[in-house]
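Here the structure is laid out as structure tokens; the discussion comes afterwards.
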Protein chains: 2
Amino acid sequence: MARAGVTAERLVRAAADLADEVGFDNVTVSALARGFGVKDASLYSHIRNAQDLRERVAVLALAELADRGATALAGRAGKDALVAFANAYRDYAKEHPGRYAAMQIDLTPEIAAASAAGRHSEMTRAILRGYDLSEPDQTDAVRLLHSTFHGYATLEAAGGFRHTPRDTESSWSRTLDALDVLLNHWPRT
Amino acid sequence: MARAGVTAERLVRAAADLADEVGFDNVTVSALARGFGVKDASLYSHIRNAQDLRERVAVLALAELADRGATALAGRAGKDALVAFANAYRDYAKEHPGRYAAMQIDLTPEIAAASAAGRHSEMTRAILRGYDLSEPDQTDAVRLLHSTFHGYATLEAAGGFRHTPRDTESSWSRTLDALDVLLNHWPRT
DNA sequence: GTGGTAGCCTAGGGCCTCTAGCTTTCAGGG
DNA sequence: CCCTGAAAGCTAGAGGCCCTAGGCTACCAC
């Protein structure tokens with residue numbers, strides 16, 4: 001009975017990789033066990049259940065994306081920061097569709113609080129320092145930016161833009177230009 | 001052997017209702033059969049398989065939402081149209097989370113073409129008639145609007161805005177103001 | 001009445017989740 | 001060098017979901 005050397009961490013990483021390959025919905029405990037050459041039941045000493053596994057993948061993805069965002073923001077301000085951060089977001093979604101999908105599951109407040117989710121809001125807020133916005137406009141703008149990034153990434157990944165000839169790269173670039181203009185012309189209360 | 005009177009249409013409608021109640025991911029052929037007081041296998045003469053069922057729910061939701069959008073747009077133009085359409089979109093997502101989730105699955109090109117998906121783009125484009133935009137800016141703006149509506153609706157539904165005190169209603173209203181400003185100041189090429 | 005068809009059924013196989021309880025490996029202390 | 005306890009795996013098995021194959025039955029049209 002040779003040990004496969006399974007740990008919770010390796011398991012979650014494998015699950016994330018599998019998600020990127022076959023889709024988050026198709027990640028199963030059984031498939032994962034097969035990948036490690038081990039029986040399904042053996043994995044339950046590392047994870048509580050399938051839901052737990054999914055949540056861990058979500059937390060991993062949130063942390064990875066937060067790191068990328070932080071790198072993108074480093075040393076940039078204003079539109080530069082906006083573009084760099086937005087690209088980090090979209091690129092991650094394109095490179096890691098499974099991980100990105102995992103991020104969308106509804107985390108319990110406790111898990112969400114312990115995750116990197118907060119860093120995402122902070123960073124989006126940091127971008128706005130390059131623009132002249134005070135509360136509550138800032139919060140509204142954060143929500144708009146986050147919505148737009150997320151919406152664009154998911155719609156593009158789901159092929160929602162395929163039916164129009166216009167290439168998504170140019171559209172994305174223009175969308176960022178537009179958001180920059182928007183933040184500069186934010187309607188005052 | 002009393003007949004339960006199952007038809008594909010009633011099945012799809014029941015699936016959609018169930019999705020709104022327990023979440024789209026938890027809609028199962030078995031649960032649906034139980035609801036009709038019928039065995040699982042009996043449903044397979046009405047639907048091809050579980051995936052087929054999901055697609056039909058998606059198509060139903062797309063059509064319903066398109067109808068609401070059309071009603072909202074009737075007799076309105078400019079910002080009025082923008083706000084009415086956006087609200088129709090968001091309200092539908094709030095009232096019918098399961099149906100809304102169904103709309104996000106990746107439809108095959110054939111099914112997508114036969115669905116009301118095209119009407120959605122058309123309507124979004126119609127809103128832009130109130131603003132002065134020509135191609136390719138129009139397509140880019142359509143994508144931005146759609147992304148933002150969709151992103152806001154999904155993030156709000158997933159509770160992504162819960163951690164900030166600011167109420168989502170006001171944020172939404174201001175977001176629409178901002179989008180109106182944006183369309184009026186769209187960066188020219 | 002009598003067909004035909006549509007609606008339901010039983011039987012059964014395959015995959016996935018998860019629990020319970022047992023065996024083996026391995027590291028560290030006596 | 002042996003012993004032992006924890007960690008890593010295993011088998012068995014129950015339950016749920018998906019789906020196919022093939023048979024029965026209610027109902028409508030003629």
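Every chain is numbered from 1, with letters handed out A, B, ... down the list of sequences.
To the nearest 0.5 Å, atom CD of residue E55(A) and atom CD1 of residue I47(A) are 11.0 Å apart. Considering CZ of R13(B) and CG of L18(B), their distance stands at 14.5 Å, rounded to 0.5 Å. Once rounded to the nearest 0.5 Å, the distance linking CG of L182(B) with NE2 of H185(A) reads 10.0 Å.
Salt bridge present: E156(A) and R90(A) bring a charged side-chain N and a carboxylate O closer than 4.0 Å.
Under 4.0 angstrom from either OP1 or OP2 of dG7(C) there lies no side-chain N or O belonging to S45(B).
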Point to revise | Derivation and outcome, salt bridge (charged side-chain N to carboxylate O under 4.0 Å, His left out), residues R125(A) and E135(A) | key: CA-CA 11 Å; R125(A) 205 164 284 267; E135(A) 289 300 353; 2.5 Å; yes
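The NZ atom of K39(B) sits 14 Å away from the C1' atom of dG12(C) (whole-angstrom rounding). Here the P atom of nucleotide dC17(D) and the CG atom of D25(B) are 15 Å apart, to the nearest Å. One can place CG of L53(B) at 14 Å from P of dC17(D), the figure rounded to the nearest angstrom. Rounded to whole Å, atom P of dC17(D) lies 14 Å from atom CD1 of I47(B). Protein atom CZ of R10(B) is 15 Å distant from nucleotide atom C1' of dC8(C), rounded to whole Å. Distance L32(B) CG to dC19(D) P: 13 Å, rounded to the nearest Å. Between L43(A) atom CG and dT19(C) atom C1' the separation is 14 Å, expressed in whole Å.
Around NZ of K94(A), the count of heavy atoms belonging to other residues, nucleotides or ligands within 6.0 Å exceeds 12.
Looking at D17(A) and R99(A), their side chains come closer than 4.5 Å, going by heavy atoms from C-beta outward.
Side-chain contact, W172(B) with N87(B): a donor N or O sits under 3.5 Å from an acceptor N or O. Using modelled atom types, one finds a donor on one side chain and an acceptor on the other under 3.5 Å when comparing D180(A) with Y131(A).
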List every contact pair, protein side and nucleotides 5-7 of chain D side both N or O, where the distance is under 3.5 Å.
from: dA7(D); atom 1: N3; to: R3(A); atom 2: NH2; distance (Å): 3.2

Practice item. Assign a letter to each nucleotide of nucleotides 13-18 of chain C from its 5' end: B, base within under 4.0 Å of a protein heavy atom; S, sugar-phosphate only; -, no contact. Key: ---SBB
